[in-house]
Number of protein chains: 2
Amino acid sequence: MSKDASLKFHMNLGMLIRSAHNSMTERFVQNVFNSGLDISMDQWMVLGPIWQLESPSHKDLGEICLRDKPTITRIIDSLEDKSLVVRVSDQIDHRIKRVVLTKAGKQLFYDVLPIMEKTREEVRGEIPEEQIEIFKNVLSKIIKNLNS
Amino acid sequence: MSKDASLKFHMNLGMLIRSAHNSMTERFVQNVFNSGLDISMDQWMVLGPIWQLESPSHKDLGEICLRDKPTITRIIDSLEDKSLVVRVSDQIDHRIKRVVLTKAGKQLFYDVLPIMEKTREEVRGEIPEEQIEIFKNVLSKIIKNLNS
DNA sequence: ATATTTTAGTTGCAAATGCAACCAAAAAAA
DNA sequence: TTTTTTTGGTTGCATTTGCAACTAAAATAT
């Protein structure tokens with residue numbers, strides 16, 4: 001057996017993916033910090049969809065953000081602690097909690113948006129658009145491959 | 001501001017990357033478990049390079065696996081607990097600890113190899129080779145973009 | 001109408017991670 | 001040669017996860 005034949009692909013892929021992900025969040029957090037704002041990557045990941053969807057349920061958020069229920073609960077907890085969102089029970093289905101941005105939450109969202117934009121540019125660097133497209137495409141396919 | 005214009009890319013990218021990574025490790029762990037073997041993704045990530053490099057230092061492993069020092073220390077601890085590797089002080093530079101596979105470690109490596117192979121196939125599915133190449137390429141570029 | 005199952009969200013706890021402080025050995029400077 | 005700095009690795013602690021168990025409400029079955 002040759003010493004690096006089959007070995008390389010899978011190992012590297014996992015390691016590369018983790019490392020890229022880490023670097024991205026790290027950079028985002030740093031950019032946020034440098035702007036004097038205060039929001040974690042996780043919180044931001046949820047804040048966006050809340051803004052987009054107006055008043056999503058935890059479940060909606062979990063599906064969009066691809067995270068499990070406890071994680072969503074806790075992130076919402078932390079956002080609520082900071083008075084960025086409020087939980088509102090659904091009028092008809094009392095199991096469902098809808099999440100709504102407060103004024104401060106909206107403000108923070110608008111403040112962070114350009115930072116996200118900046119981070120996005122830094123992440124992309126010189127990588128051509130069509131490669132990014134393929135990249136995202138492959139990611140989606142991988143996720144699909146593994147959940148069926 | 002349109003409700004999904006600039007927003008989508010970055011958010012989704014982070015979420016997709018995390019999700020893909022999670023699915024991959026989950027599948028690997030599951031396949032390993034189904035084969036009656038016992039090794040975590042992290043341990044495997046390190047075991048491979050140890051096998052490849054013969055007797056790498058912690059530092060080597062950290063660089064290859066893109067993980068920090070404490071993490072490597074702990075993974076090696078866990079491998080040592082399972083008697084899969086041993087730490088050997090470098091003869092000349094006594095700061096350096098070299099990691100060497102035991103017989104059991106080698107055996108496990110060979111046992112897990114086909115499982116990794118299988119997982120790799122499942123991850124890739126129908127994705128064409130050249131897209132995978134671009135994918136890995138973009139990952140490397142992103143990491144590079146963010147560490148300079 | 002009552003009992004059972006499913007769904008939405010929460011909580012608790014054990015394990016993993018990240019950071020900073022730390023130790024020991026080697027290299028560089030004084 | 002002695003002191004200072006750097007390097008390789010470890011440890012401790014606070015924070016974050018991931019899982020499984022749990023509660024409450026709605027949907028379904030009896």
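Hydrogens, waters and symmetry mates play no part in the numbers below; they use all other heavy atoms, side chains included. None of the values given here were measured: they were computed from a predicted structure.
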What nucleotide, of [options], holds the atom closest to the side chain of [X]?
| X | options | value |
| --- | --- | --- |
| A:Pro70 | C:dA16, C:dA20, D:dC19 | D:dC19 |
| A:Thr73 | D:dG18, C:dG9, C:dA25 | C:dG9 |
| B:Ile96 | D:dG9, C:dA26, C:dA8 | D:dG9 |
| B:Thr71 | C:dA26, C:dG18, D:dA26 | C:dG18 |
| A:Arg95 | D:dA20, C:dG18, D:dA26 | D:dA26 |

Problem set entry | Basic-acidic side-chain contact under 4.0 Å: A:Glu129, A:Arg124 |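 The answer is yes: the pair qualifies as a salt bridge.
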For this session: Answer yes when A:Lys118 and A:Glu121 have at least one side-chain N-carboxylate O distance shorter than 4.0 Å, and no when they do not.
Result: no
For [X] and [Y], indicate whether the former's side chain and the latter's backbone hold a donor-acceptor pair under 3.5 Å.
| X | Y | answer |
| --- | --- | --- |
| B:Thr102 | B:Ser83 | yes |
| A:Asn31 | A:Phe28 | no |
| A:Gln131 | B:Val138 | no |

Base, sugar-phosphate, or nothing for [X], non-hydrogen atoms under 4.0 angstrom?
| X | answer |
| --- | --- |
| B:Lys59 | sugar-phosphate |
| A:Arg98 | nothing |
| A:Ile92 | sugar-phosphate |
| B:Arg87 | sugar-phosphate |
| B:Ser57 | sugar-phosphate |

For this session: Let me know, please, whether A:Asp93 or B:Asp77 comes out on the 5' side of the other along DNA chain D by nearest nucleotide.
Result: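 That would be B:Asp77.
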Quick one: [X] [atom1] to [N] [atom2], roughly how many Å, whole number?
| X | N | atom1 | atom2 | result |
| --- | --- | --- | --- | --- |
| A:Ile72 | C:dT7 | CD1 | C1' | 16 Å |
| B:Lys69 | D:dT11 | NZ | P | 13 Å |
| B:His58 | D:dT11 | NE2 | P | 11 Å |
| B:Lys97 | D:dT11 | NZ | C1' | 12 Å |
| A:Asn22 | D:dT15 | CG | C1' | 15 Å |
| B:Asp60 | D:dG8 | CG | P | 9 Å |
| A:Gln91 | D:dA25 | CD | C1' | 15 Å |
| A:Glu26 | C:dT17 | CD | P | 16 Å |

Exercise. Can you find an N or O donor on one side and an acceptor on the other, under 3.5 Å apart, linking the side chain of A:Arg74 with the base of C:dG9?
Worked result: no
